[in-house]
Amino acid sequence: DYASMHVEPNMIINLKSEWHSFEDYTNALKSKYRVKANRADAKSKVLDAKFFTKADISFYREELQSLYQNTIDNADFNAQILNLDTYVNLKDTYNDAFFVKGYFLNNKLVGFLSAMKNGTNLDAHFIGIDYSNNKEYAIYPRILNDYVRLGIETSSNQINLGRTASEIKSTLGAQPRTL
């Protein structure tokens, strides 16, 4: 007696074994998409990015939560609001299989990505963005590029970018997979 419920498809990037770098990946893209990926990197070059340790996650927890809330407030639909204290526990439990990367502009945290290595795949998790700086510094497109970089660096077969913003994700070569 279950009813089916249609939701947005997961957006999946299948990584080819011959892609050993982000440049290998972008060279395989159509020219207009390669230009977009490179433009995002150029606009976001001013950002300092670093992977967070458990201590970093604890230290920046309030800023992470605030940036995540910005993303939630900007979304059309969200079934849950995550307490980012969970990230401390995830990092403690999964260590090198759980990633949080922060993006800083003039020493201020303006964005983050999170991801989990899931067998041979990489699953994008939640993100957070300071939308007042997003357009000028291409924070979200940089996050998407960095998911691809992380997938290649972790020798993943595919990256699950989730179900939102399918149009921009498709410019990176992501294909929809119906749920």
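Because only heavy atoms are used, hydrogens play no part in the values below, and waters and symmetry mates are left out as well, while side chains stay in. All of these numbers come straight from a predicted model, not from anything done at the bench.
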- Message: Just verifying a value: how many Å separate K16 NZ and I152 CD1, rounded to the nearest 0.5 Å?
- Response: 12.0 Å

- Task: Please test L113 against V100 for side chain to side chain contact (heavy atoms under 4.5 Å, CB included), starting from the C-alpha separation and ending with a verdict.
- Result: CA-CA 6 Å; L113 69 74; V100 176; over 6 Å; no

- Look at the side chain of N70 and the backbone N and O of I129, then say whether any donor-acceptor pair between them is shorter than 3.5 Å. yes

- Can R61 and V88 be said to form a side chain to side chain contact (heavy atoms under 4.5 Å, CB included), step by step? CA-CA 9 Å; R61 199 207 64 73; V88 174; 5.5 Å; no

- Message: Can you confirm whether Y68 sits close enough to I72 that some side-chain heavy atom of one is under 4.5 Å from a side-chain heavy atom of the other?
- Response: yes

- Taking the six-membered ring for Trp and the single ring otherwise, decide whether the centroids of F112 and F51 are under 6.0 Å apart. no

- Separation between CG (L144) and CG (L161), nearest 0.5 Å, reads 6.5 Å

- Task: Compare all side-chain heavy atoms of L172 with those of N145 and state whether any distance is below 4.5 angstrom.
- Result: yes

- Item | Residues K36, D41: salt bridge by 4.0 Å N-O rule | no

- Query: Got a donor-acceptor contact below 3.5 angstrom from the T171 side chain to the Y33 backbone?
  - Reply: no

- Task: Over all heavy atoms of both residues, which pair between I139 and N134 is shortest? Give the atoms and the distance, please.
- Result: N-OD1, 3.2 Å

- In terms of hydrophobic clusters joined by side-chain contacts under 4.5 Å, are V35 and F22 together? no

- Roughly how far apart are N10 CG and T178 OG1, rounded to 0.5 Å? 9.5 Å

- Task: Decide whether I12 and W19 are clustered together by the hydrophobic rule: side chain heavy atoms of Ile, Leu, Val, Met, Phe, Trp, Tyr closer than 4.5 Å, transitively.
- Result: no

- Query: So, the side chain of T93 versus the backbone of L90: is there a donor-acceptor pair under 3.5 Å, distance only?
  - Reply: no

- Query: Quick check: are there more than 12 heavy atoms from other residues, nucleotides or ligands sitting under 6.0 Å from CD of E62?
  - Reply: no

- Note on the structure: In this structure, CD of E63 is separated from CZ of F104 (nearest 0.5 Å) by 8.0 Å

- Task: Locate the shortest heavy-atom distance separating A37 from T26; write the atom from each residue and the value.
- Result: CB-CG2, 4.2 Å

- Query: Do D48 side-chain atoms and L105 backbone N/O form a donor-acceptor pair below 3.5 Å?
  - Reply: no

- Item | Exceeds 12 heavy-atom contacts within 6.0 angstrom, atom CG of N106 | no

- Stepwise side chain to side chain contact (heavy atoms under 4.5 Å, CB included) test for L15 and I13: CA-CA 6 Å; L15 298 173; I13 295 177; 3.8 Å; yes

- Message: Looking at E153, I want to see if its CD is surrounded by more than 12 non-hydrogen atoms of other residues, nucleotides or ligands under 6.0 Å.
- Response: yes

- Message: Would the distance check show the side chain of Y140 and the main-chain N or O of G111 forming a donor-acceptor pair, the cut-off being under 3.5 Å?
- Response: no

- Heavy-atom closest contact (A49 atom, R142 atom, distance): CB-NH2, 3.7 Å

- Query: What are the two closest non-hydrogen atoms of D92 and K54, and how far apart are they?
  - Reply: OD1-NZ, 3.3 Å

- Message: Aromatic contact between F99 and H125, with the criterion being ring centroids under 6.0 Å apart: yes or no?
- Response: no

- d(K117 NZ, L122 CG) to nearest 0.5 Å is 7.0 Å

- Derivation of the salt bridge (Lys or Arg N to Asp or Glu O under 4.0 Å) call for K108 and D130: CA-CA 10 Å; K108 179 181 183 241; D130 173 353; 3.5 Å; yes

- Task: Could you walk me through whether F59 and F52 pass side chain to side chain contact (heavy atoms under 4.5 Å, CB included), step by step?
- Result: CA-CA 10 Å; F59 183 81; F52 280 9; over 6 Å; no

- Task: Please name the pair of heavy atoms, one in A40 and one in P141, separated by the smallest distance, quoted to 0.1 Å.
- Result: CB-CB, 3.4 Å

- Who are the salt bridge (Lys or Arg N to Asp or Glu O under 4.0 Å) partners of K101, not counting sequence neighbours? D146

- Query: Any side-chain donor-acceptor pair under 3.5 Å between N121 and S156?
  - Reply: no

- What residues, two or more places apart in sequence or in another chain, satisfy salt bridge (Lys or Arg N to Asp or Glu O under 4.0 Å) together with K50? D56

- What distance do E136 atom CD and S44 atom OG have between them, rounded to the nearest 0.5 Å? 12.0 Å

- With a 4.5 Å limit on heavy-atom distance, are the side chains of Y103 and Y137 in contact? no

